[in-house]
Amino acid sequence: MSQHRAKKCVDTKDKAAFFAARTPHLKQAEIQAQDGAEAELHADFADTHETNADTPLTPNLLQKMLDAAVLKMQASFTSALAKINNEITDLDARASQLEEKMEVNATAHAAIEDRLEDIERKLSLHETKITDAEDRSRRNNIRLRGVPEDVEAQDLTAFTMELFRAVLPDIPADMLLLDRIHRIPRPQHLPPTVPRDVLMRLHYYHTKDQILRAHRTRKDLPDKFKPILLFTDLSAETLRRRRSFKPVAEALRHHRIPYRWGYPAKLLITKGGKQLIAASPKEGLELLHKWDIAPNLQTPGPRKTQNIDGRPQRQRRTTFRDDDH
């Protein structure tokens, strides 16, 4: 019986210690050990119980304490939600402003693109006109390749007159009028042993045209004139454009389909008694596919011939690079 009373006394002391008022130091330690709403809830419980330390903890008092803590948490949540709503409203307004600015920028970008296309079209037109004007200024020129360097500048006129008379024996002397003739600098990619090209201007265009046509078919030239090649003098832009037609031109030559060059850079193809125009490499390839002709798109290696002494010699190019001018 005495043991039962002692145990009951100990339980009463434990309950008293559990429900006793906490000191401020203990309250502060518990609040720091926990965070957020849980710390605030413990503080509310401690404050309420401290003010009523002598009042026994009844279910009604506990309910009031819980209600007070819930109200405080609800107020805290309401304040936080209000801040979030304000931030969302602000973000929505900023998003609307960004959408408006994006719409303005998109409209301006479209206008710039249209303007750029117009400028590019005009620029291309002006480039074509400039190229055409340059080619017209060169239309009476002939470029001679392979003239030995031992032919001095003062002897170039006599040398070329002899060459032209070998090409066109019956041409009148008054038609072989030279406005000027001179050598041009050697391109940097060529070795020093390669003779410089000779550029000359004939007074009459039809004389120049006759000489070039006759030189393509003349086979009985003297030996000293056989290595010499004659070319039409063209602008660098025209040469660049013509090089883009190379697969088409090679396929036409392979299938013996006659063609000639038009200006500024296009192919005039004769097939089946009709003349067709390929103004771009794409149009030329479309014609080849229409005729079931497969172009050779691989760049062939340099073809080699034999010199007089039997040494291999790289064949001369029949077209110019941009830096040849």
Side-chain angles (χ1 to χ4, degrees), residues 6-131 237 240-241 244 279-283 285-286 289 297 322:
K7 184 178 180 181
K8 185 175 180 181
C9 182
V10 171
D11 292 340
T12 304
K13 290 181 180 180
D14 292 340
K15 290 182 180 180
F18 178 79
F19 291 106
R22 291 174 175 83
T23 63
H25 178 72
L26 181 59
K27 288 194 299 178
Q28 186 66 25
E30 291 179 352
I31 291 174
Q32 290 179 353
Q34 303 179 27
D35 57 355
E38 184 179 358
E40 293 183 359
L41 182 60
H42 279 282
D44 292 338
F45 274 107
D47 291 341
T48 304
H49 189 66
E50 184 180 7
T51 55
N52 301 280
D54 298 334
T55 305
L57 185 62
T58 61
N60 292 334
L61 180 59
L62 182 60
Q63 184 64 40
K64 289 181 181 180
M65 294 168 61
L66 291 174
D67 292 342
V70 169
L71 290 176
K72 189 171 182 179
M73 292 177 63
Q74 288 180 348
S76 177
F77 289 157
T78 302
S79 177
L81 289 175
K83 292 180 180 180
I84 294 174
N85 289 333
N86 292 336
E87 292 179 358
I88 292 175
T89 303
D90 183 61
L91 291 175
D92 183 64
R94 293 173 62 184
S96 300
Q97 293 178 358
L98 290 176
E99 290 178 354
E100 293 176 358
K101 290 182 179 180
M102 288 180 61
E103 184 177 358
V104 173
N105 291 337
T107 304
H109 184 267
I112 292 174
E113 283 187 340
D114 294 340
R115 179 60 176 166
L116 180 60
E117 291 179 359
D118 183 60
I119 292 175
E120 289 178 345
R121 180 183 59 80
K122 291 181 179 179
L123 178 60
S124 177
L125 179 62
H126 289 311
E127 287 179 347
T128 301
K129 289 183 177 181
I130 292 173
T131 301
E237 179 64 20
R240 184 190 66 80
R241 293 183 181 181
S244 64
S280 65
K282 181 180 178 181
E283 293 182 5
L285 293 175
E286 289 176 353
H289 289 302
L297 300 180
D322 293 349

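Side chains are part of it too, since the values below use all heavy atoms of this structure and drop only hydrogens, waters and symmetry mates. Numbering starts at 1 and runs along the sequence shown.
Annotation: Glu103, atom CD; neighbour count of heavy atoms from other residues, nucleotides and ligands within 6.0 Å does not exceed 12.
With rounding to the nearest 0.5 angstrom, the CZ atom of Arg94 is 8.5 Å from the CD atom of Gln97. Note that CE of Met73 is 11.0 Å distant from CG of Leu66, once rounded to the nearest 0.5 Å. Atoms NE2 and CG, from His109 and Leu116 in turn, are 9.0 Å apart once rounded to the nearest 0.5 Å.
Applying the side chain to side chain contact (heavy atoms under 4.5 Å, CB included) test between Ile88 and each of Asp90, Ile84, Asn86 identifies Ile84 as the sole match.
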Go through the steps for Glu127 and Leu123 under the test side chain to side chain contact (heavy atoms under 4.5 Å, CB included), then give the verdict. CA-CA 6 Å; Glu127 287 179 347; Leu123 178 60; 3.9 Å; yes
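Classification of Lys83 and Glu87 as a salt-bridged pair fails, no side-chain N sitting under 4.0 Å from a carboxylate O.
In this structure, Asp118 and Arg121 approach most closely via the heavy-atom pair OD1-NH2, 2.7 Å.
At least one donor-acceptor pair closer than 3.5 Å links the side chain of Ser244 to the backbone N or O of Arg241. Put simply, the side chain of Ser76 never gets that close to the backbone of Lys72: no donor and acceptor are under 3.5 Å apart. Under a 3.5 Å cut-off, the side chain of Thr89 and the backbone N or O of Asn85 do form a donor-acceptor pair.
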